[in-house]
Amino acid sequence: MKLRLLSLYPDQMNIYADRGNILFLQHRCEWRGIDFEVTRCGPGDRFDPEAFDLLYMGGGQDRDQKAVAGDLIETKQQSMRIAKESGAAILAVCGGYQLLGEYYELEGEAIAGLGLVDLRTVREPGPRLIGPVAIKVDLDGRDRVLAGFENHGGRTRLGAATPLGKVMHGFGNNGEDGFEGVREDNLIGTYLHGPLLPKNAWLADHLIATGLEHHHGERPDLEPLEDSLEQAAHEAALAAARAG
Amino acid sequence: MIRSKAWIARSVGRLSRASGRGGGTTLPGRVLLKLDADAIDKLGAGLSDGATLISATNGKTTTASMLATILESAGRHPVHNRAGSNMTWGVATALLEQKGTEGLFEVDEAWLPEVADRLGPDTILLGNLFRDQLDRYGETEALADAWADLASRTAGTTDFVLNADDPLIADIGNSSGPGTTYFGIADESQALSELQHAFDAKLCRVCGHELTYDRAFVGHLGHYHCESCGMRRPEPDVSANRITLRGMSGVTATIDSPEGASELELPLPGLYNLYNALGAIATARQMGIPVEDSVRSLAGMKAVFGRVERIQINETSLSILLIKNPAGANEVIRTLSLEPAPVDLWIALNDRIADGRDVSWIWDADFEMLADRVGKVTCTGTRASEMALRLKYAGWPLARIEVIDDPEMALDHALKAAGSDLFALPTYTALLDLRNLLAARGDTEKYWEG
């Protein structure tokens with residue numbers, strides 16, 4: 001079996017150690033004997049949507065985000081749409097999450113997004129939403145918890161799209177409606193930034209299984225790994241969120 | 001008026017120390033600023049020979065301590081916040097409690113504009129901007145913007161000493177006045193074989209085009225230019241050539257300047273400390289001290305607590321190296337990779353406010369570099385398990401990693417497991433805890449910190 005990962009803007013959208021997510025996926029595939037292949041896709045690059053099973057886009061500083069937004073629409077919009085519709089797993093984090101929507105309005109200027117999901121983000125007056133966060137997620141028909149850290153000035157509001165989860169501790173999409181992130185088909189967008197997968201091994205395995213299903217047509221039962229450190233790190237992140 | 005307020009604030013500090021509650025390096029300043037918000041302006045006016053400010057993400061305390069050493073060798077005794085308390089109240093405390101005609105202050109990155117506006121310094125040294133505790137300060141670009149604003153406000157009154165190798169810092173020279181000087185590393189053989197993951201300056205500050213790097217030395221510090229608008233790294237006035245890294249025992253280099261060449265033997269390790277030394281030498285030169293004199297003073301320099309210090313505990317020599325962000329941690333890792341293997345470690349990761357609540361940064365530091373060189377590793381602190389997890393995914397042998405939440409039990413375990421050397425890598429609050437712990441056990445002297 002083989003998982004083909006596309007890393008979108010690895011040099012621009014990586015502000016919160018996003019490479020930790022890719023490293024985590026890579027080892028968990030390799031330990032199970034699953035081939036893991038990473039392709040970098042930067043400014044100006046186009047990609048074949050049928051050649052990838054898992055797409056990752058991380059967060060960037062405002063300047064980097066502005067710089068990639070135009071390129072994203074120009075060179076990758078069509079491929080992103082096809083990948084999503086074909087059931088590829090997509091994980092977009094923080095700045096990458098904001099760019100999935102219609103626009104990100106910043107200092108009176110609306111940066112156009114991919115329009116892949118029905119959401120809008122506005123940098124409203126008020127403090128950045130910063131701190132440890134935990135959300136309740138219903139995925140694979142099970143109640144799960146995602147724990148991590150958020151740091152965003154933008155407030156995201158969903159239209160007809162489904163949120164990823166309900167905020168247990170922290171701010172979530174906008175600090176008001178109690179929801180966090182977005183999910184649609186096999187796309188997940190979230191403000192839990194940077195290395196969220198190491199703190200939530202179950203989500204990493206969910207993405208691996210979804211990606212393998214996309215490639216091989218059948219959802220595999222992944223071999224369990226010795227995850228005691230992963231579990232302890234998850235619990236420590238959850239405890240940090242609980243403490244606020 | 002300021003005199004009576006100052007008296008009250010000083011008394012509070014004395015009382016606090018006498019009662020053993022600590023906080024002596026910040027409390028008087030906090031009290032004073034409550035009584036008089038303009039206290040820094042008023043007390044600063046007494047510095048008849050002017051003030052020098054130092055800021056950077058990494059190396060503030062060490063660089064300030066280097067410059068203080070140089071000044072003291074020249075018979076100058078600046079008012080200096082040497083305990084590293086570097087927000088307004090730390091500066092105010094130093095001004096309250098020390099006498100002198102010139103000031104030397106390290107200042108927190110976000111507080112620099114305010115402190116500079118109040119003190120009107122003659123010289124500001126800016127060392128670097130790395131991604132640090134983003135949950136506190138937002139982004140490096142925003143800090144660079146605020147510093148450039150400061151430079152244009154003070155052009156003509158304040159001289160800037162800038163790191164030519166950091167494009168975020170060198171760009172400030174486009175805003176600052178004619179008294180701007182630069183320092184940097186010239187020795188191309190010290191370049192990293194590939195760019196590191198934590199790379200914080202990718203776009204040209206002038207035109208926004210992607211920067212081209214000919215080489216990088218530490219994180220994004222290196223030799224760069226912009227293919228689009230022609231922006232280039234400024235030519236440094238003070239530069240380091242013929243560099244030899246000698247592991248934990250230090251660095252040697254030839255320091256070139258318009259005064260000629262001087263041989264530096266720095267007793268602190270790593271290119272990051274060489275950058276600190278270059279900044280201190282270039283600033284001292286701006287203040288009228290010849291490079292040759294600075295180089296001689298630095299050769300006798302001792303480490304600042306927690307910035308590479310060795311303590312003998314029974315049979316084991318404990319070296320403490322602060323880690324707090326990817327760029328700094330990478331330099332510590334690089335220094336340790338020059339030590340004879342196996343390297344025994346005690347790593348303490350805390351997520352308190354002063355550490356940054358967000359521990360994401362450990363995934364950007366290149367712990368992979370030590371994977372096949374580690375001996376016994378003990379992880380501790382409030383986020384010990386995530387630290388251990390990072391090491392597991394960096395390919396460190398799991399059987400050699402122990403997680404012990406309690407720092408003291410972890411230290412005892414690590415000392416027992418270690419050979420003749422143990423390296424302690426704490427984050428900031430873990431360093432303070434370690435300092436208190438060692439003092440309580442009688443391994444070091446008591447040392448106050450805010």
Side-chain angles (χ1 to χ4, degrees), chain A residues 9-12 14-28 31 42-44 58-67 94 128-132 148-151 153 192-199 201 226-237 239-241 243-244, chain B residues 131 133-145 195-205 208-211 325-326 349-353 356-368 379 381-395 398 401-403 405:
Chain A
Y9 303 104
D11 293 331
Q12 289 77 24
N14 68 357
I15 178 107
Y16 297 111
D18 292 275
R19 71 148 170 158
N21 288 322
I22 293 170
L23 187 70
F24 198 73
L25 291 165
Q26 179 186 345
H27 282 297
R28 296 180 75 78
W31 289 334
Q61 302 202 32
D62 283 348
R63 226 160 95 95
D64 296 320
Q65 202 175 334
K66 259 190 225 172
C94 200
R128 291 179 73 87
L129 306 179
I130 303 176
F149 202 92
E150 62 183 323
N151 181 349
L192 273 64
H193 74 199
L196 82 152
L197 297 182
K199 287 183 263 287
E226 202 290 293
D227 271 345
S228 51
L229 271 182
E230 285 79 353
Q231 191 55 35
H234 174 79
E235 276 156 23
Chain B
R131 65 179 73 177
Q133 296 157 19
L134 294 146
D135 56 319
R136 281 201 306 164
Y137 291 146
E139 304 159 339
T140 52
E141 295 273 353
L143 280 173
D145 290 345
L195 300 184
Q196 289 170 340
H197 292 280
F199 208 77
D200 297 316
K202 290 155 287 195
L203 303 178
C204 174
R205 293 276 298 164
H209 191 268
E210 197 162 333
L211 288 176
N325 51 36
L349 176 65
N350 280 352
D351 66 352
R352 302 202 186 108
I353 287 168
R357 300 291 321 271
D358 185 3
V359 297
S360 296
W361 66 271
I362 61 171
W363 294 89
D364 251 345
D366 297 323
F367 288 100
E368 282 79 1
C379 296
T382 54
R383 300 296 286 272
S385 51
E386 185 151 344
M387 188 68 238
L389 191 63
R390 172 71 189 95
L391 302 178
K392 174 180 174 184
Y393 282 81
L398 207 47
I401 303 172
E402 197 78 44
V403 177
D405 290 335

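Below, each value reflects all heavy atoms present in this structure, side chains not excepted, and no hydrogens, waters or symmetry copies. Sequence lines set the chain letters: A, B, ... in the order given, protein chains first and strands last, and positions in each chain run from 1.
Heavy-atom pairs under 4.5 Å with chain B were tallied for A:P195, A:G194, A:A236; the largest tally goes to A:P195. In terms of heavy-atom pairs under 4.5 Å with chain B, the best-connected choice from A:R28, A:H27, A:E150 is A:H27. Counting heavy-atom pairs closer than 4.5 Å to chain B, the top residue among A:S228, A:A237, A:A17 is A:A17. Counting heavy-atom pairs under 4.5 Å between each of B:A384, B:S385, B:A388 and chain A puts B:S385 at the top.
Note on ring orientation: taking the six-membered ring where Trp is involved, the planes of B:Y393 and A:W31 are tilted (angle from 30° to 60°).
Neither the backbone nor the side chain of A:A239 comes within contact range of chain B, judged by heavy atoms closer than 4.5 Å. Heavy-atom distances place both the backbone and the side chain of A:P198 under 4.5 Å from chain B. With a threshold of 4.5 angstrom between heavy atoms, A:Q26 does not approach chain B through any atom at all. Only the side chain of B:L398 has a heavy atom closer than 4.5 Å to any heavy atom of chain A.
Heavy atoms only, all atoms of each residue included: B:K392 and A:L229 are closest at CD-CD1, 4.2 Å. The shortest non-hydrogen separation linking A:G20 to B:W363 is CA-CE3, 3.8 Å. Here the shortest heavy-atom pairing between B:A365 and A:R19 reads O-NH2, 3.2 Å. Taking all atoms of both residues into account, the shortest heavy-atom contact from A:A67 to B:L203 is CB-CD1, 4.5 Å. Heavy atoms only, all atoms of each residue included: A:N14 and B:R131 are closest at O-NH1, 3.2 Å.
In this structure B:D351 satisfies the side chain to side chain donor-acceptor pair (under 3.5 Å) test together with B:T382, B:R383, sequence neighbours excluded. For A:Q65, the side chain to side chain donor-acceptor pair (under 3.5 Å) test picks out A:Q98, with sequence neighbours left out.
Within the model, atoms CG of B:L389 and CZ of A:F24 stand 5.5 Å from one another, a figure rounded to the nearest 0.5 Å. If you take OG1 on B:T140 and CD1 on A:I15, they are separated by 6.0 Å, rounding to the nearest 0.5 Å. Atom CG of A:L23 is separated from atom CZ of B:R390 by 5.5 Å, given to the nearest 0.5 angstrom.
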